[in-house]
There are 2 protein chains.
Amino acid sequence: MVEPIRLNSLASEVFDRVVDAITSGEFEPGEKLSESNLARELGISRGPIREALQRLEGKLVQRVPRVGVRVIEFGADELRQLFYLREAMEGMAARLAAENVSDDWLAEVEGMLGRHGQSIRDSHSYRQKSTDEDFHFAIARASGCANIERLLLSEVYYQLRIHRLKSSTRPGRAEEALAEHRAIFDRLRARDPDGAEAAMRAHIRSARESTLSLL
Amino acid sequence: MVEPIRLNSLASEVFDRVVDAITSGEFEPGEKLSESNLARELGISRGPIREALQRLEGKLVQRVPRVGVRVIEFGADELRQLFYLREAMEGMAARLAAENVSDDWLAEVEGMLGRHGQSIRDSHSYRQKSTDEDFHFAIARASGCANIERLLLSEVYYQLRIHRLKSSTRPGRAEEALAEHRAIFDRLRARDPDGAEAAMRAHIRSARESTLSLL
DNA sequence: TGGCTGTCCTCTGTCAACAGTTTGCGATCA
DNA sequence: TGATCGCAAACTGTTGACAGAGGACAGCCA
C-alpha cells in the first residue's frame, strides 16, 4: 500500500509551531506576535501566518484590531473560569462515556492507569507526556460527543498547558489525582453515568482547589 | 462625549452577513460557499472572505482542504450532541449565576419572563426576537464566566438557530418551556446553585426530548 | 454500452505589494 | 525640566496575481 502524500498546508504547520512555542514557554504570556516578524523568521508570506494566528484567537492569543496579536495572559480569575468550564464539559463527557464504553476501552485505560501509577512511584510527578496517555482525553474520546471532544482539546487543554508551564503542583497531589482517576474509572467500568459524572466533577473541583491554593 | 468612529473590518462585516445568510436560510445546509463567488458578489477581495469563513469553521461551516467550505449539515446525532454540550455548559452557567446575581438582574429578568408570558398568550409561540430578550443568554451573562458565555454564543446558539429554521415546535411546548424557565428563575432568586443547575439541566433535557421526538 | 483518460475550467493556497494606522523617538516650547 | 507635537519606521488590513489541485465533460477503448 502506498503512503498517502501528506500535504499539510503552511497555515497548519505555522499553527502547530506557534502552539508549541506558546505551550513550551518560548513565547511568553503578554508577548506581542508580529505577523511580519513571524513571516520573515519562517521564510513565508503573511497569509498563512494570519490564518494560523486567527485560529488561535480566544484560545492562546488575543487580537486587538489594528494593533496586533499577543499571547494570552492568565490570571487567577481566568484559571478559575477555565476549571468551571472543564468541570461542566468533562463531567458530561464522563457521563456519556459511562453509557458508551466498550470492554476493550476499559482494558486499555486500565493499563494506562497502571503505567501512571508506576510513573508516580518512580518520579513522584504526574506529567502526561502525550495526549494518548492522557486519561482525560481518553474519556473525552469515549464520550462519543464530537463537540465536547473538540472544545476540550481546542479551548481547555491548550490553556491548561500554559498554566502548567509556570506552576508547580502541591506535593502529594499526584497521588491524590491518581486515586481520583481510579475512582472515576471504577464508575465507568460500572457503567454508572451519575456516578461517573459526580466522580469527574469532584476530581476537577479538587484539582481547582489544589491549583488555586498555590497562587 | 464624542462617538468613537466605528471602523469595522471587512472581515467582521462579511462574518456577520454570512451568519445572517446561514441562520436565515439563504444559504442552505450542505451548500458550498465559494470564496471567489462571495468575493465577486460582495465586491471585495478574497482575503476578508477567507478570514470570515475561517472564523465560522466548526460553528456554521466545515472546510475540506483543497476543496472548499460548505454550510454545516445537521442530523439528529449532531443535534443530540449539541444538546449534551448545552446541558453541560448552561447547567454550570445557572449554578454560577445563582451565586452571582444581583437584585437588579433578578428584577430585569422577571420583567423579561412576564413579557414572554404575554407573547405566548398572544401568539402561542415562543420565539425570542433578540438576544437581549433571551432568557438563556441572560443567564450566560450573569454567570460571570467569560469562557462559557463566549462558547455558548459562538458554538451553541448559532447552530441552534440553524435547526430552528426548519423545524416546528410541538404544540404546548412554548407553555412548558416558559414554566421551566420560571422554575429556573425561582432557584436563581433563591440563590440556590444546586437547584438552579438541576432546574436548568432538566429544562434542556426536556427541550432535547421534545425536539428529537419530532424528527 | 460502460469505464477510463485527457482536457479545460474553476477554485483554493500562497505570495508580494499598497494604503492607512499605530507606535516610538526626537525636537520644540512653556 | 517636563509635557506636547511632529515625524519616521513598522505593522495591520486589504488587494490582485500566480501556481497547483479538484471537478466536469467529452472522447476513446474494450
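Lettering of chains follows the sequences in order, A, B, ..., and the numbering in each one begins at 1.
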Inset, instruction - Verify the contact: side-chain N or O of A/S9 to OP1 or OP2 of C/dT12, cut-off strictly under 4.0 Å; return yes or no. - result: no
Legend entry - By salt bridge (Lys or Arg N to Asp or Glu O under 4.0 Å) - contacts of A/E28 (at least two apart): none
Inset, instruction - Return the orientation label for the A/H181 and A/F135 ring planes: parallel under 30°, perpendicular over 60°, tilted otherwise. - result: parallel
Legend entry - Residues A/R201 and B/E197 bridged, charged N to O under 4.0 Å: yes
Inset, instruction - Take atom CZ of B/F15 and atom C1' of D/dG13, then tell me their distance rounded to the nearest Å. - result: 18 Å
Legend entry - Whole-Å gap separating C1' (D/dT14) and CG (B/N8): 15 Å
Legend entry - DNA chain C contacts among residues 40-61 of chain B, heavy-atom distance under 4.0 Å: B/R40, B/R46, B/R50
Legend entry - Nearest-Å distance for atom pair CD/C1', residues A/E35 and C/dA17: 15 Å
Inset, instruction - Output yes when at least one side-chain N/O atom of A/R63 is less than 4.0 Å from OP1 or OP2 of D/dG13, else no. - result: yes
Legend entry - Short N-O contact, A/E35 and A/R63, less than 4.0 angstrom: yes
Legend entry - Note: A/E180-A/R173 ion pair, threshold 4.0 Å (strictly below): yes
Inset, instruction - Rounded to the nearest angstrom, tell me the gap between atom CG in B/L10 and atom P in C/dA19. - result: 17 Å
Inset, instruction - Ignoring the backbone of B/A11, work out which of D/dC11, D/dT14, D/dG23 is nearest its side chain. - result: D/dT14
Inset, instruction - For A/S36, answer base if it contacts any base atom (sugar-phosphate contacts may also be present), sugar-phosphate if it contacts only those atoms, and nothing otherwise; contact means non-hydrogen atoms under 4.0 Å. - result: base
Inset, instruction - Give a yes or no on whether a salt bridge exists between B/D20 and B/R17, defined as a side-chain N under 4.0 angstrom from a carboxylate O. - result: no
Inset, instruction - Rounded to the nearest angstrom, tell me the gap between atom CZ in B/R66 and atom C1' in C/dC11. - result: 11 Å
